**Q** 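Mind having a look at this structure? Questions to follow.
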Amino acid sequence: LHGAGAVLAPADRGAPSIQVSMMPAPSATFTALKQLQPALRRIAVLSASPGYDGYIRDLRKEAQSAGIALLVQKVDGKDALPDALRRLEGKADALWVPSDPLLINEKNLVLLSQFSQSSRVPIYSPVAGLTNRGATATLSVSYKEIGRLAADTAQQVLAGHRMPSDVYATTIDLAISAETASKIGLQIPPDVHDGTLQVQP
Amino acid sequence: MRLQTRFAIAFVPILFAATAGTVWQASKAVHKIVIEEAAGRANGRLEELAAESVAGFEGRSESLLLPGMTAALVRENALYVIAIDPAGEILAHTNVTKKGGRYRDPLGVTVPTARPSYHEIQREGQPVLELSWPVNGKAGAAHDQAEELLLLNASADGALQNLGQLRMGIPLQRALQTERRIARELALLLLVTCGLLLGAVFLLLRGILLPVQRLVGAAEEIGLGRYGHTVPVPSATELGNLARSFNRMSVALTQTTVSKDFLDNILTHMIEPLIVLEPDGRIRMVNQAALQVLGRPADTFLGQPLDNVWPECQSALQQAQFDGSVQDREMKWVAPGGTAIPLLFSASVFRNKEDYLAGLIVVFKDMRERKKIEGEMVQSAKLSAVGKLASGVAHEINNPLGVILGFAESLLWDLKPEDPMHAPLRSIEREAVRCKNLVQALLTFSRVSKVEPEPLAINSAVEEALSLVQAQARVGNVRVVREFAPELPAVRGNRGQIQQIVINLANNALDAMHEQGTLTIGTRLLQEAMRSWVVLSVTDTGEGIPEEIVTRIFEPFFTTKPVGQGTGLGLGLVHEIVEKHGGTIEVESRPGFTQFRVKLPA
């Protein structure tokens, strides 16, 4: 489960369930990232928990559409991040860190921050608040938006519409750390600033 | 140069240099404190981390080292934390990309020290405090580079070996900003303190120098001969004692030495005119009396050679320089307006202690009054002589004249007008009458000396006399104006003689106006030098008295009237009467205005 806000399970246990993701919609994510970093061509995604595979799959699909090469770097185990980062050195223009509990901890945040600053690679994440811990920008989805999305999806299901197995929010809360961006030499376009982004899929 | 200026030039740079030095030293001290404080705190953390990291060093395990290093980095807000083995290889780095590399000390030491230390470095243009802390473990527990380890310490269990060291970079930017702010505040505080100190010192200096400046000013005054100049005594300090002593000295000088002021005052206010010359003849000083006589302001004389402004005195000055003095030379000074003033000129040289010529003193007397008195004395003597002569002659002539006139009149009674002797006898009678009138006038003139004074009101006496000339005035078409001051004090005199003055003066005035004009008779009171006078004035609008004869009009027998119309004794008689009454008479005349003023003591 990639940070599921809600799982809609029908009465028939044999029927497929619909997962309302806490991640922003991949298409909206890349659209927002292109706005933040117009020169973005390669992005690495750190993957630790298997529950995020579906999400990463959706990311890969949308990356192709957005013209961005997606590199998935597996982080096997709690001490594997240093090696993973060393492998990524020079291979990505940005790093996407999902809200994976195996990745997001005190030590790893320090290592990610140091890597970002020394390699001048911005870190983006859907976890709100990480701009205070070294992320260049966060693209998060609020609980209110997830609730609204779950309600809409339920209505659609009850109305008999067919829904994808994963649904994503397209309304994103964008937070940018100007200080971190400045440290790594990233020029944020002047028309992009903190606030809610309503991105059409 | 003033002492305050000197002080400012000398002291202000020193003060500012001292301030700058203090700020610099204080900044250094603050910097040291800031660094030591930061190093002390971080060293404590590094010491703990070193203790926790022994296993990581022994196992050269990044995964064992990083948790403690990242925690330390977060707690100390450090830039980086590095674990280095004794050979300089990086075992772990919070920037994981650096692992496995060779650590290069920023100060150029390839092999890191095994002792705790810290130093300031620059990393990417930022000031950083880099601390180093050794990590030690038991001998034999380290890996195969153990022989390179430095033996540091020994315990009962065995020697401790150096396994490497931890390095931590602390950003100093904020600390240095704080340090700079402290330095700025300190500099400002010191500048304000210095400014206040400087102001206080200047005020103190002023307080000290003001009495000194007053003393200097007073000393200069005394130097110019103005003794007796004193200064305020500021307080019971040394300066106060000095001022008190100075005042005593100044007063003592006044009492023992003739001051220039005193001499100036004497010379300036002395009654006699005086001029002081420099040795070269230039005028050094002219007193008030001299200026009054000469009629010109002082600045037209001072600094000028006297013989330039008064050429007539040149020879007298030369003689004075040659002989030492010259006395009582009669000279004339032509005053502004062209009036020649008779002066009696004297001059003498004066010499200094070394007997060199120090200057000349010129004194002179205004001779105008003296000349006038001399003239009056001559006139008086003349009149007196004439009076005596007239009295004798009148008595001797009067009797034969009476016989001639008596026989002539008797013969005329008997002769008819057709008689050839009638006309000659009539001529004899007429000339005899004229002689009789002349003799009568002479007798009157001679009798003036016999004044029997009595208090009389002058206005009524004058009014009675005017009644005698009123008819003649009407015939001559002359208007008579009376300007009598009321309530005049009585004068002591002879009523008839006072009236004679009025009649004589009025008759002369009527003759001078040729049948028309205004005759003004006035009286008034005059207060002059503690004396009271009654002034009788007779004014006419006639042709005036020519200037060349005005000095002779009071002489006996002087007349401008045709022969047979005047005896020439009228004004002489007036003069005699006035003099015998202790009064004076003066005349002022110009065409269209002639006024006789008779002053009689009240």
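So you know, we letter chains A, B, ... as the sequences are listed, proteins then strands, and number each from 1. Here the structure is a predicted model, which is why all the values come from computation and not from measurement.
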**Q** Can you give me the closest heavy-atom contact between Leu111(A) and Thr94(B), atom names plus distance?
**A** CD2-O, 3.4 Å
**Q** Check Arg86(A) against Val96(B) and note the closest heavy-atom contact, atom names and distance.
**A** NH1-O, 2.7 Å
**Q** Counting heavy atoms not belonging to Arg87(A), are there more than 12 under 6.0 Å from its CZ?
**A** yes
**Q** Are there over 12 heavy-atom neighbours, none belonging to Lys34(A), within less than 6.0 Å of that residue's NZ?
**A** yes
**Q** Could you look at Ser119(A) and say if it's the side chain, the backbone, both or neither that has a heavy atom under 4.5 Å from chain B?
**A** side chain
**Q** Atom CD in Gln117(A), atom CG in Leu79(B): separation rounded to 0.5 Å?
**A** 8.5 Å
**Q** Does atom NZ of Lys32(B) have more than 12 heavy-atom neighbours, drawn from other residues, nucleotides or ligands, at distances under 6.0 Å?
**A** no
**Q** Flag yes if more than 12 heavy atoms outside Arg123(B) fall under 6.0 Å of its CZ atom; otherwise flag no.
**A** yes
**Q** Would one find more than 12 heavy atoms of other residues, nucleotides or ligands at under 6.0 Å from atom CD of Gln25(B)?
**A** yes
**Q** Are Gln114(A) and Thr97(B) side-chain neighbours, meaning at least one heavy-atom pair lies under 4.5 Å?
**A** no
**Q** What distance do Leu85(A) atom CG and Lys99(B) atom NZ have between them, rounded to the nearest 0.5 Å?
**A** 13.5 Å
**Q** If contact means a heavy atom pair closer than 4.5 Å, which residues of residues 61-68 of chain B contact chain A?
**A** Glu62(B), Ser63(B), Leu66(B), Pro67(B)
**Q** More than 12 foreign heavy atoms under 6.0 Å from CD of Gln177(B): is that the case here?
**A** yes
